[in-house]
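Since the model is a prediction, treat every value here as computed from it, not as a measurement. Lettering follows sequence order; numbering is per chain, from 1.
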Amino acid sequence: MAKKFYVTTPIYYVNDKPHIGHAYTTIAADVLARYHRLAGEEVFFLTGTDEHGAKVAESAEAANKTPQEFCDENSAKFQMLWDRLDISNDAFIRTTSSYHQQGVAAFLNRLKEAGAIYEGEYQGLYCTGCENFITEKELVDGKCPNHDKAPQVIKEKNYFFKLKDYLPKVKELLDSGELKILPTSRHQEVLGLLRQGLDDFSISRQSVKWGIGLPFDNRQVTYVWVEALQNYITALGYGQIDEKFAKFWPADIHLMAKDIIKFHAIFWPAMLLAAGLEVPKVIFAHGFFTVDGQKMSKSLGNVIDPDALIDELGAEAVRYLLLSQFPFGADGDVKASNFVIQYNSDLANGVGNLVSRVLAMADKFLAGKTPDQDKEFADEMAGIWRQYREAMAAFQIDKAVEVIKKWQIFCDGYIERHKPWALAQTNNNQLAKVIYNLLEALRHLALMLYPIMPITADKILISLGQTDWQASSLPDLSRWGGLKAGTKVVKGEALFPRLEK
RNA sequence: CGCGGGGUAGAGCAGUUGGCAGCUCGGCGGGCCCAUAACCCGCAGGUCGCCGGUUCGAGUCCGGCCCCCGCAACCA
């Protein structure tokens, strides 16, 4: 029975169109999903869109559409981007889908039965112009800045979740490592939040209409954050067909950006505990991009549009470049102008050129026929793979990229030291050895590249005559000598044509 | 004293348990000619934010200070 691996991205709020941050999270999740599939595990990779809430309803109205139409259109934008980026998600959940709504109802009923929900009163400032609650801090001169009206104080009956009852248990799980928050700096942050203390929170809204009705009181709608988190289990059929749920839950990793860590590291585990379910194993929060040292924001106009970037550099390069900018997990600064430079140095001059020169030599000196096996790098390669696997297992995608880059540089150096073009004149036995080692080295390079740049990897493997490699998994594939003597290899088109800038 | 992150070569970043400061890009000088004017070798460039402490030894541990950023306050 294969090991399972369940990886998720957050579901993205349809109120906005996809930006580079959404792409970053999703690509990272895809890399993990593809790596674990390559390793022979049974993978479930989930992403989707979060579609309820007052804001969506407002945006829909402003666009003169029904909320459902608005959601359909915006959700499709995310799906289209993921298609362009070759994201290999196994499911795409939409919170407006009926199976999600049914799963949410089942979950909330369970919380209610467990005694984790009580009725309370929510008091807030309500702006009739907004038709929504606003916070005191949003007020300008005591008035709603959008409508220039003073808000009313309204008391609304709400249902609350007994968060406080479950906090000690959450703390325990964090301390024991059963629930891991990564990177460790985020773990500290969560501990800080717990130290500050948190209150029970409201799980419903009376004033909001666009949402999922509470199963035990249909005058109220489930607070959007509460039902959004449940996507991770409803997508597995929780509350309906429990087969997938039994197989894949708990999640091996919830991936997200650092801004929503509180919901995932505290609220979500607490709700799961209340419902008697297992908590996820790892919550991984990566950092934010700054662009030229500044926060990315619409008002500054420095937002990087993923579609434009793909148009310029191609999906494969975008995947690679985003993940190799800075350590996965940390914040990092990005210079838009740097993408082209790095494309040229890493991809065109690096991987692309290496593949090109090796295949050209195999073709020119040996008529494209793979020579007899040589084992010069058998041990070396095993060591490289160990580093690669360790990096991936620790979710250090940037380190995995580093391992690949080092191997590519090593291969370029190997060529220079042995000068196959000279050997072709003097020593055919030695030439055959060197070319075999290079071709086989390329096969390993492609395999390591696969999670990050799947199309490129496949192109390289096809050039090496490896057409059915996907039928095997890593333990076999990563063994030295997979390339058989006599295999025909062909030089293809340049993988990454150099960009003039 | 709200919480958290960070200040290391011109730029962007690594530095696991304290043990000679590293990587990539860029700059400069050589080499090579298989390759996408790509590749390889070498060189230059750093008071590791500041002050103090612990130690045989501190970028790394402790205390204080300065500066930047994120969250709290619709964004991954």
Quantified in whole Å, what is the C1' atom distance between nucleotide B:A9 and nucleotide B:C3?
-> 34 Å

How about A:Asn89 and A:Thr47: does a side-chain donor come under 3.5 Å of a side-chain acceptor?
-> no

Quote, to the nearest angstrom, the C1' distance that separates B:G29 from B:C68.
-> 38 Å

Nucleotide nearest A:Arg186 when distance is taken to its side chain, options B:C39, B:A76, B:G4 | B:G4

Spacing of A:His254 atom NE2 relative to B:A76 atom C1', expressed in whole Å | 16 Å

Take A:Phe201 and A:Phe267, measure what ring-ring contact (aromatic ring centres under 6.0 Å, His included) needs, and give me the verdict at the end.
-> CA-CA 9 Å; A:Phe201 61 86; A:Phe267 295 2; 4.5 Å; yes

Which one is paired to B:G2, where only Watson-Crick or G-U wobble pairs with both distances under 3.5 angstrom count?
-> B:C71

Tabulate protein N/O versus nucleotide N/O from nucleotides 21-24 of chain B, keeping only pairs under 3.5 Å, one per line.
none

RNA chain B: A:Leu193 or A:Pro497, which has the more 5' nearest nucleotide?
-> A:Leu193

Between A:Ser463 and A:Lys491, a side-chain donor and acceptor under 3.5 Å = no

Identify whether any heavy atom of A:Ala348 sits under 4.0 Å from a base atom; if not, whether one sits that close to sugar-phosphate; answer base, sugar-phosphate or nothing.
-> base

A:Arg357 side chain: which of B:C25, B:A35, B:A76 is closest?
-> B:A35

Nucleotide nearest A:Glu416 when distance is taken to its side chain, options B:A35, B:A76, B:G31 | B:G31

Euclidean distance, atom CG of residue A:Leu347 to atom P of B:U36 [Å, nearest integer] = 17 Å

Considering only B:A38, B:A35, B:A76, which nucleotide approaches the side chain of A:Arg498 most closely?
-> B:A38

Pairing nucleotide - B:G42, Watson-Crick or G-U, each distance under 3.5 Å = B:C28

On a whole-Å scale, what distance lies between the P atoms belonging to B:C74 and B:G12?
-> 30 Å

Give a yes/no on whether any side-chain N or O of A:Lys491 is located under 4.0 angstrom from OP1 or OP2 of B:U36.
-> yes

Write down the distance between NZ (A:Lys262) and P (B:G2), rounded to a whole number of angstrom.
-> 17 Å

Is there side-chain contact between A:Leu174 and A:Val170, with heavy atoms separated by less than 4.5 Å?
-> yes

Complementary nucleotide for B:U47 - Watson-Crick or wobble, under 3.5 Å = none

Which nucleotide in the set B:A76, B:C34, B:U36 lies at the smallest distance from any side-chain heavy atom of A:Pro10?
-> B:A76

Between A:Ile341 (CD1) and B:C13 (C1'), how many Å, whole number?
-> 15 Å

Taking the side chain as C-beta and beyond, is there a heavy-atom pair between A:Thr8 and A:Ile253 under 4.5 Å?
-> no

Applying a 3.5 Å limit to both distances, which nucleotide forms a Watson-Crick or G-U wobble pair with B:A37?
-> none

Could you verify whether a donor N or O on one side chain and an acceptor N or O on the other, from A:Arg498 and A:Asn349, lie under 3.5 Å apart?
-> yes

Opposite nucleotide pairing with B:C61, Watson-Crick or G-U, both atom distances under 3.5 Å | B:G53

Can you tell me if CD on A:Gln68 sees more than 12 non-hydrogen neighbours from other groups inside 6.0 Å?
-> yes

Over how many whole Å does the gap from A:Ile20 atom CD1 to B:A76 atom P extend?
-> 14 Å

Give one of base, sugar-phosphate or nothing for A:Ile260, where a contact means two heavy atoms less than 4.0 Å apart.
-> sugar-phosphate

Taking side chain as C-beta onward, heavy atoms only, is A:Ile460 less than 4.5 Å from A:Met453?
-> no

Distance between the C1' atoms of B:C48 and B:G7, in whole angstroms?
-> 10 Å

Indicate, with a heavy-atom threshold strictly under 4.0 Å, whether A:Asn349 touches base, sugar-phosphate, or nothing.
-> sugar-phosphate

Does NZ belonging to A:Lys399 count more than 12 external heavy atoms closer than 6.0 Å?
-> no

Could you tell me whether the side chain of A:Leu495 reaches within less than 4.5 Å of the side chain of A:Asn353, counting heavy atoms only?
-> no

Whole-angstrom distance between B:A35 and B:G49, as gauged at atom C1' = 45 Å

Nearest of B:C74, B:U36, B:C40 to any side-chain atom of A:Lys55?
-> B:C74

Do other residues, nucleotides or ligands put more than 12 heavy atoms under 6.0 Å from the NZ atom of A:Lys180?
-> no

Distance, C1' atom - from B:G59 to B:C39, rounded to whole angstrom | 34 Å

Do any N or O atoms of the protein come closer than 3.5 Å to N or O atoms of nucleotides 7-10 of chain B, and which pairs are they?
none

Take the protein atom NZ of A:Lys399 and the nucleotide atom P of B:G15, then report the distance between them rounded to whole Å.
-> 6 Å

How close or far is atom C1' of B:C74 from atom NZ of A:Lys17, stated in whole angstroms?
-> 17 Å

Could you give the CG-to-P distance, from A:Leu198 to B:C3, as a whole number of Å?
-> 14 Å

A:Phe496 near the nucleic acid: base, sugar-phosphate alone, or nothing, with a heavy-atom cut-off under 4.0 Å?
-> base

Integer angstrom distance from the C1' of B:G26 to that of B:G45 = 12 Å

Ignoring the backbone of A:Trp421, work out which of B:C32, B:C39, B:A76 is nearest its side chain.
-> B:C32

Is A:Ser204 close to A:Thr222 at the side-chain level, that is, under 4.5 Å between some pair of heavy atoms?
-> no

Residues A:Tyr12 and A:His19: side-chain donor-acceptor under 3.5 angstrom = no

Among the candidates B:A35, B:C34, B:C39, find the nucleotide nearest to the side-chain atoms of A:Ser356.
-> B:A35

Taking atom C1' in both B:C69 and B:U55, compute the distance separating them and give it to the nearest angstrom.
-> 34 Å

